[in-house]
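The structure that follows is given in the form of structure tokens.
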Number of protein chains: 2
Amino acid sequence: MKPTKVTNSIRALRFAHGEMKQADLAAAVGVTRQTLIAIEQGKYSPSLEVAFKIARAFGVSLDEVFQYPEED
Amino acid sequence: MKPTKVTNSIRALRFAHGEMKQADLAAAVGVTRQTLIAIEQGKYSPSLEVAFKIARAFGVSLDEVFQYPEED
DNA sequence: TGGTGATGTCAGGTTTCTTTGACATCAGGA
DNA sequence: TCCTGATGTCAAAGAAACCTGACATCACCA
């Protein structure tokens with residue numbers, strides 16, 4: 001797949017939210033565990049809809065979860 | 001395709017930025033004109049990467065371009 | 001009248017994201 | 001030791017996003 005330029009803070013946010021398990025977050029977001037792992041590891045960038053759901057699961061804004069580098 | 005729940009302010013932002021044409025924005029973002037039209041009309045929600053590029057083209061944050069409703 | 005630019009639509013293909021299902025590793029506890 | 005839970009990997013298939021290319025409409029102006 002495409003190596004994504006988008007980075008994220010999902011792992012840090014999970015641990016900041018009571019050692020939240022990947023499976024629990026996946027269920028809260030509405031995706032599979034495999035999908036969440038791939039996103040968390042930066043294998044690819046999610047759809048905007050999934051990104052919103054992840055941010056909302058943590059109660060933060062998109063910018064606090066995902067970062068996009070300056071230049072291409 | 002999937003009717004997306006994500007709404008956006010692309011059209012308003014285009015006009016707020018000197019009557020920017022769809023073709024110009026598409027070129028700045030790096031997608032085709034057809035893709036930009038579909039996103040602007042809410043036909044589907046873009047990838048996170050494209051979303052970031054659109055926000056950056058206007059010089060604003062993601063939250064100022066895309067909105068996600070409260071509940072499913 | 002005719003031409004041009006901006007917007008929108010459609011069909012078809014390709015790429016990327018997501019799912020399902022199976023399996024592997026590793027730490028910790030009974 | 002054996003079992004369980006949390007994490008990670010892989011392959012194959014489906015769904016969603018994105019592309020190319022052609023055409024349609026509408027406003028505007030020479």
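Here is the naming used below: chain letters follow the sequence lines, and residue numbers restart at 1 for every chain.
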Distance-only, no hydrogens or angles: does the Ser47(B) side chain make a donor-acceptor pair with backbone N or O of Val50(B) under 3.5 Å?
-> yes

Counting side-chain heavy atoms from CB outward, which of dT7(C), dT18(C), dG8(C) is closest to Gln41(B)?
-> dG8(C)

Whole Å only: how far is the CD atom of Glu19(A) from the P atom of dA6(D)?
->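 Rounded to whole Å, this separation is 11 Å.
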
Can you check the Glu49(A) CD to dT18(C) C1' distance for me, whole Å?
->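 Answer to the nearest Å: 13 Å.
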
How many Å lie between CZ on Arg33(B) and C1' on dC19(D), as a whole number?
->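 So the two atoms are 13 Å apart, to the nearest Å.
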
Of all the choices, dC17(C), dT9(D), dA6(C), which nucleotide is nearest to the side chain of Ser47(A) once you look at every atom?
->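 So the side chain of Ser47(A) is nearest to dC17(C).
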
Given dG8(C), dT7(D), dT18(C), the nucleotide with the shortest approach to the side chain of Val50(A) |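 Per side-chain heavy atoms of Val50(A), the pick is dT18(C).
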
Tell me which of Tyr44(A) and Ala23(B) sits closer to the 5' end of DNA chain C, going by the nucleotide each one is nearest to.
->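 Nearest-nucleotide comparison on DNA chain C picks Ala23(B).
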
What's the CD1-P distance between Ile37(B) and dT20(D), to the nearest Å?
-> 14 Å

Separation of atom CG in Leu36(B) from atom C1' in dC19(D), rounded to whole Å |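 Leu36(B) atom CG is separated from dC19(D) atom C1' by 14 Å.
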
Do Lys5(A) and Gln67(A) come close enough that some side-chain heavy atom pair is under 4.5 Å?
-> no

To the nearest angstrom, the CG-P distance between Leu25(B) and dG5(C) comes to 20 Å

Side chain of Lys21(B) only, please: which of dT7(C), dT18(C), dT20(D) is the nearest?
->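 Minimum distance to the Lys21(B) side chain belongs to dT7(C).
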
Report yes or no: does Glu64(A) contribute a side-chain atom to a donor-acceptor pair with the main-chain N or O of Ser61(A) at less than 3.5 Å?
-> yes

Keeping the roles fixed (side chain from Arg56(A), backbone from Leu62(A)), state whether a donor-acceptor pair exists under 3.5 Å.
->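 No, Arg56(A) side chain to Leu62(A) backbone: no donor-acceptor pair under 3.5 Å.
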
Can you tell which of dA6(C), dC18(D), dT9(C) lies closest to the side chain of Ile39(B)?
->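 Of all the options, the side chain of Ile39(B) is nearest to dC18(D).
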
Among dG8(C), dG8(D), dC19(D), find the nucleotide with the atom closest to the side chain of Arg11(A).
->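 Nearest to the side-chain atoms of Arg11(A), counting from C-beta on, is dG8(D).
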
Looking only at side-chain N and O atoms, does Ser45(B) come under 4.0 Å of OP1 or OP2 in dA17(D)?
-> yes

For Lys43(A) and dT16(C), what is the distance between atoms NZ and C1' respectively, to the nearest whole Å?
->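 So the NZ-C1' distance, Lys43(A) to dT16(C), works out to 15 Å.
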
By ring pair (Phe, Tyr, Trp, His ring centres under 6.0 Å) - contacts of Phe58(B) (at least two apart) |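 Testing Phe58(B) for ring pair (Phe, Tyr, Trp, His ring centres under 6.0 Å), a comparison that skips the adjacent residues, returns His17(B).
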
Report which part of the nucleic acid Gln34(A) touches: base, sugar-phosphate, or nothing (heavy-atom distance under 4.0 Å, all strands).
->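 Contact class for Gln34(A): base.
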
Grab the CD-C1' distance between Gln22(A) and dT18(C) for me, whole Å please.
->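 Rounded to the whole Å, the gap is 16 Å.
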
Touch class at under 4.0 angstrom, heavy-atom based, for Thr35(A) against every strand present |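 Base contact.
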
